[in-house]
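Just so you know, ligand 1 is whichever comes first in the structure, and atom 1 is the first atom listed for that ligand.
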Amino acid sequence: MSVTEVLLYLALLCSAECTFRFASYYADHMVLQMAPSQAVVWGFGEVGARVTVSLYKEKDAVTKKSDFITGPEGVWKVILDPVDHGGPYWLLALQNHEEQITNITLQDILFGDVWLCGGQSNMEMTVSQIFNASDELHKAVHYPHVRLFTAALETSPTELQDLAKVDLQWSLPTPQTLGNGDFTYFSAVCWLFGRHLHRRLKYPIGLVESVWGGTPVEAWSSKKALAECGLSGNGGQDMCMDWFYYSGPCTYSVLWNAMIHPLLNMTIKGAIWYQGEQNTGMNTNLYNCTFPAMIENWRQSFHEGSSGQTDRHFPFGFVQLSTCQKSRDPDNYPVIRWHQSADYGFVPNQKMLNTFMAVAMDLGDEKSPYGSVHPRDKQTVAYRLYLGARAVAYGDKSASYKGPFPERMDVDYTASCINITYDQDISVLHQSQSLFEVFCRSSVTQDDMASFQWVAVAWSDASSRVVMVTFKGCAQVSGIRYAWADWPCEYRACPIYSSDGKLPAPLFIKYFNGDKIDFYP
Ligand SMILES: *[C@@H]1O[C@H](CO)[C@@H](O)[C@H](O)[C@H]1NC(C)=O
Ligand SMILES: *[C@@H]1O[C@H](CO)[C@@H](O)[C@H](O)[C@H]1NC(C)=O
Ligand SMILES: *[C@@H]1O[C@H](CO)[C@@H](O)[C@H](O)[C@H]1NC(C)=O
Ligand SMILES: *[C@@H]1O[C@H](CO)[C@@H](O)[C@H](O)[C@H]1NC(C)=O
Ligand SMILES: *[C@@H]1O[C@H](CO)[C@@H](O)[C@H](O)[C@H]1NC(C)=O
């Protein structure tokens, strides 16, 4: 190409890109991140134009005008002064290009906390698909200060600057915006989580849904995050195998590129995530690396994209997988559940700081019309996530949000028993005799590990914190696990809960050699 051709090409490129506008996800009715963070606002304009953004409440401009000279790619970006929660405000953006002045305004802007909701189909299930749907949909209009946005399903081989398409532009909650159809908008878990936060905090909450069913963690991860776990190149297939009800793109990074990267420049409070089912069939044994690496990379990228306004260690909550299929041998569901916590069994932990987890293995729904992998009780799981957010994201010390987890085990080989001491008082709903298993062999003369087998053992609660399991038939034991099954218990009826009966004890697995076992690695 000649110089003239290059210039012509650039001019053409700019006439499409450089029309003065906000980026796709800045619109009327939106929520911007409140103080102490500062909201980032950006868009496109003529190269070299001066762009001025002001925030108004009624007639007075409440923030100083912020100027920005649009760069060579036609992008401008402004960081507003910190604004306390409230509204409505309006935003005026003025472009001055060669003395030609154009403006755009956004109306009904609120300031509050912005949460990003990610994952696959269990996050994608809409309010119209869950239990008590009509009741939940009718209540929607009582929460006009919870605002919704849904990115469209798009893939890209390269990192996009802006979303290619929007499914639901910033909206108020109504039966239509919350229950558009199956697996469209709006996410029930995201909505219920935001509604709980709003009722507690009493200020606006913005919910950004960027979700695609049947997708693996690798599709949502940048190349850099995948490299941390030894994955490289354009791995994965175009579409995942269709094991279940729904299946989406599986190629590494394609959803990061199209559905997460464009959002990095927005200031957010935190993220919630419901994903992992697809990874029971793809890179399962790497999930203890890929998931924490994705979280870390999202945190770093949102921090950088927002010029430091999104917290470098922003809170990240997730749902530990629910159930998929009854009467299946232990399979990859417990493995993914365990890996979701980086093999600690609980979060936050040293590898997953500032995270919270909603246990959901007791919320199975065999008769779900959307397939048993899609339980309809999203209320309970969203409530558990909300408890985690209160404690971890909002520092509410009074919120208990973790089910009982063992802190110590004492093995008595003579009496053939193990006492498991939990980190809190427990309530025992029933003593299902199949959920505690020990790794056992009946004779010590055999020398190979292969002679060990998992066998269910009898157990009882020995005190308000201690469970005693007995392993009479075993000459030797070298491991213990709890609830290691795809579908360990009936609906809200696992054996062990917190003392108030609300939070189930999560699954665990522990190998040992000796008689005192510390549970914190
Ligand atoms: C914005 O543009 C409209 C018409 O394009 C004009 O009427 C209005 O005065 C402008 N507002 C400001 C503050 O410049
Ligand atoms: C992840 O789990 C696998 C077994 O599934 C194990 O071999 C590996 O060491 C673990 N990796 C990390 C980073 O903990
Ligand atoms: C948004 O953030 C990304 C990542 O930091 C950066 O590459 C990009 O230039 C930013 N876009 C704008 C409009 O500032
Ligand atoms: C559905 O509504 C009934 C009646 O109000 C209530 O008892 C039940 O807990 C609700 N189900 C869920 C999953 O919230
Ligand atoms: C386990 O608990 C039982 C009941 O409290 C007690 O009798 C026993 O000594 C304990 N065993 C060990 C190894 O701590």
| note | Result for salt bridge (charged side-chain N to carboxylate O under 4.0 Å, His left out) between Glu136 and one of Arg376, Lys378, Arg195 points to Arg195

| message | Could you identify the single nearest non-hydrogen protein atom to atom 13 (C) of ligand 5 and state the distance to 0.1 Å? | response | Asp412 CB, 3.6 Å

| Does the protein place any heavy atom closer than 4.0 Å to atom 4 (C) of ligand 4? | no

| If you count the non-hydrogen atoms of other residues, nucleotides and ligands that lie under 6.0 Å from NE2 in His430, is the total more than 12? | yes

| message | Can you tell me which residue among Leu80, Asp84, Val31 is in a side chain to side chain contact (heavy atoms under 4.5 Å, CB included) with Phe111? | response | Leu80

| message | Counting only nitrogen or oxygen atoms and a 3.5 angstrom limit, does Asn419 reach ligand 5? | response | yes

| request: Indicate yes or no for a side-chain donor-acceptor contact from Asn349 to the backbone of Ser341 under 3.5 Å, with no hydrogens or angles considered. | output: yes

| field | Within-cutoff protein neighbour (heavy atom, under 4.0 Å) for atom 7 (O) of ligand 5 | value | no

| message | Check whether Asn132 reaches the backbone of Asp135 with its side chain - one donor and one acceptor, N or O, closer than 3.5 Å. | response | no

| query | Within the structure, does Asp377 bring an N/O atom to less than 3.5 angstrom of an N/O atom in ligand 4? | reply | no

| message | Could you work out, for atom 14 (O) of ligand 1, the closest of Asn103, Thr105, Ile101, Ile104 by heavy-atom distance? | response | Asn103

| request: Give the residue, atom name and distance (to 0.1 Å) of the protein heavy atom nearest atom 10 (C) of ligand 4. | output: Asn132 ND2, 2.4 Å

| Will you find, in the side chains of Glu366 and Gln325, an N or O donor that is under 3.5 Å from an N or O acceptor? | no

